[in-house]
Each structure stands twice: as structure tokens, then as C-alpha cells.
Amino acid sequence: MSEESNKQLVAEAFDAWAAGTGGVFDLLAEDADWSIVGNSVASGTYPTRAAFLEMVIDPFNARMSSPLVPSVRALYADGDTVVALFDASATVRDGSRYDNTYAWFLTMREHRIVSAVAFFDSVEFNDFWARVQPT
């Protein structure tokens with residue numbers, strides 16, 4: 001795939017996420033690894049799509065009273081990598097807001113994300129994760 005087609009595929013996934021009709025995680029290959037950089041409680045490498053969704057995304061969403069909605073600041077493509085810089089917000093089950101800024105480096109192959117490296121504000125994430133228990 002070309003840089004432009006990879007970028008377009010990721011842009012469409014973000015649009016679907018913002019509209020509540022899909023999302024970037026739909027592009028993950030089954031054997032995709034996802035690494036969260038830093039010192040958050042979720043930092044580490046998840047070796048498969050299933051492991052990442054089970055250990056991070058499902059408990060994250062279970063802490064929300066409304067879906068996380070992304071707002072893309074920029075998408076960049078270089079070779080097989082698409083970089084997404086975006087903000088995301090939602091209402092948490094305790095009534096507070098969750099607002100964070102993310103940078104994701106997504107390695108693409110054959111219309112799928114095969115590897116991802118994610119950066120975000122660990123302080124904001126850790127506070128939210130510890131304060132609110134999943135349903």
C-alpha cells in the first residue's frame with residue numbers, strides 16, 4: 001500500500017470512531033502488537049489484538065459513561081507508518097471528564113495495523129484509572 005492509502009485508511013477509521021460507527025482498533029491485525037510507552041499503569045507491550053483489547057481497551061471503556069471521541073490534529077505518513085496526533089475526550093462514570101492527547105505510530109501492512117506505539121499523558125490516565133472502577 002502507498003503512504004497516501006495508508007493515511008486515508010487511518011483517517012477513515014478515525015472518522016468512524018468520532019461518528020461512533022467503528023474505529024482504529026478495527027484495523028488491528030489479530031497478531032498486532034501494541035506498545036504503550038511511559039510510566040502509566042497500562043504501559044507495556046501487548047502481543048496480540050485480543051490481549052490489548054482485553055487488558056486495556058475493555059477496562060478503559062468500562063470506566064466511561066460516554067464513548068471516547070477523538071479529534072485528529074494531524075496525520076502523517078512515512079513509508080508503512082502512519083502517525084496520528086489527536087485529542088480524545090469522554091465523560092467518566094463518576095461524572096468527571098477524561099481529556100488526553102495521544103500520539104500513535106501505526107505500522108501498516110495489507111490494510112491492517114500490525115504494530116503500534118502509543119504515547120499519552122500518563123498522569124491523566126493513571127488518575128482516571130485509579131479513581132474509577134470498571135463496571
For this session: Tell me yes or no: between the side chains of Arg93 and Thr135, is some donor less than 3.5 Å from an acceptor?
Result: no
Exercise. Is Asp99 reaching over with its side chain to a backbone N or O of Ser89, donor-acceptor style, under 3.5 angstrom?
Worked result: no
Exercise. Quick one: does Arg131's side chain get under 4.5 Å of Val92's, heavy atoms only?
Worked result: yes
For this session: Identify the two heavy atoms, one from Phe120 and one from Ser40, that lie closest to each other, and give their separation to 0.1 Å.
Result: CZ-OG, 3.8 Å
Seminar exercise, completed: Sequence neighbours excluded, the answer for side-chain contact (heavy atoms from CB on, under 4.5 Å) partners of Asp15 is none
Seminar exercise, completed: Heavy-atom nearest pair, Ala16 first then Gly23, reads CB-N, 4.2 Å
Exercise. Could you give the distance from CG (Leu9) to OG (Ser2), rounded to the nearest 0.5 Å?
Worked result: 10.5 Å
Problem set entry | Polar side-chain atom of Trp34 near backbone of Ala118 as donor-acceptor pair, under 3.5 Å | no
Show every donor-acceptor pair shorter than 3.5 Å between a side-chain atom in residues 107-115 and any protein atom, with sequence neighbours excluded, or say none if there are none.
| from | atom 1 | to | atom 2 | distance (Å) |
| --- | --- | --- | --- | --- |
| Arg112 | NH1 | Asp26 | O | 2.9 |
| Ser115 | OG | Asp33 | OD1 | 3.4 |
| Ser115 | OG | Asp33 | OD2 | 3.0 |

For this session: Report yes if the side chains of Tyr102 and Phe119 come closer than 4.5 Å at any heavy-atom pair, otherwise no.
Result: no
Exercise. Who pairs with Asp87 by side-chain contact (heavy atoms from CB on, under 4.5 Å), at least two apart in sequence or on another chain?
Worked result: Arg73, Thr101
For this session: Tell me whether Phe105 is reachable from Val24 by hopping between hydrophobic residues (I, L, V, M, F, W, Y) whose side-chain heavy atoms are closer than 4.5 Å.
Result: no
Seminar exercise, completed: Taken in chain and number order and not counting sequence neighbours, the residues that satisfy side-chain hydrogen bond (donor to acceptor under 3.5 Å, both in side chains) with Ser65 are none
Problem set entry | Stepwise side-chain contact (heavy atoms from CB on, under 4.5 Å) check, Val83 with Leu75 | CA-CA 6 Å; Val83 179; Leu75 291 175; over 6 Å; no
Donor-acceptor pairs are to be reported for all side-chain atoms of residues 48-55 against protein atoms at under 3.5 Å, with residues two or more places apart or in another chain.
| from | atom 1 | to | atom 2 | distance (Å) |
| --- | --- | --- | --- | --- |
| Thr48 | OG1 | Ala51 | N | 3.0 |

Seminar exercise, completed: Heavy atoms of Thr45 and Ser35 approach each other most closely as OG1-OG, 2.8 Å
Problem set entry | Shared hydrophobic cluster, Leu28 / Leu68 (ILVMFWY, side-chain heavy atoms < 4.5 Å) | yes
Problem set entry | Exercise: identify the closest heavy-atom pair between Pro67 and Ala90 | O-CB, 3.6 Å
Exercise. Going hydrophobic residue to hydrophobic residue with side-chain gaps under 4.5 angstrom, can you get from Val82 over to Val117?
Worked result: no
Problem set entry | Between Phe86 and Phe14, ring centroids under 6.0 Å | yes
Exercise. Looking at Trp104 versus Phe25, is the centre-to-centre ring distance below 6.0 Å?
Worked result: yes
For this session: Give the minimum heavy-atom separation between Leu27 and Ala13, together with the two atoms involved.
Result: CD1-CB, 3.7 Å
Problem set entry | Partners passing side-chain contact (heavy atoms from CB on, under 4.5 Å) against Pro59 (at least two apart in sequence or in another chain) | Arg63, Trp129
Seminar exercise, completed: In this structure, OG of Ser122 is separated from CG of Asp127 (nearest 0.5 Å) by 12.0 Å
For this session: Quick one: closest heavy-atom pair of Ala42 and Ile36, and the distance?
Result: O-CD1, 3.5 Å
Seminar exercise, completed: To the nearest 0.5 Å, atom OG1 of Thr81 lies from atom CG of Leu106 at 8.5 Å
Exercise. To the nearest 0.5 Å, what is the distance between CG (Asp94) and CE (Met64)?
Worked result: 9.5 Å
Exercise. Ring centroid separation for Tyr98 and Phe60, is it under 6.0 angstrom?
Worked result: yes
Exercise. So does Asp78 have more than 12 non-hydrogen atoms from other groups sitting under 6.0 Å from CG?
Worked result: no
Exercise. Taking atom types as modelled, is there a side-chain donor on Gln8 or Glu12 under 3.5 Å from an acceptor on the other?
Worked result: yes
Exercise. Do Glu124 side-chain atoms and Asn100 backbone N/O form a donor-acceptor pair below 3.5 Å?
Worked result: no
Exercise. Same cluster for Tyr76 and Val37 if Ile/Leu/Val/Met/Phe/Trp/Tyr side chains link at under 4.5 Å?
Worked result: yes
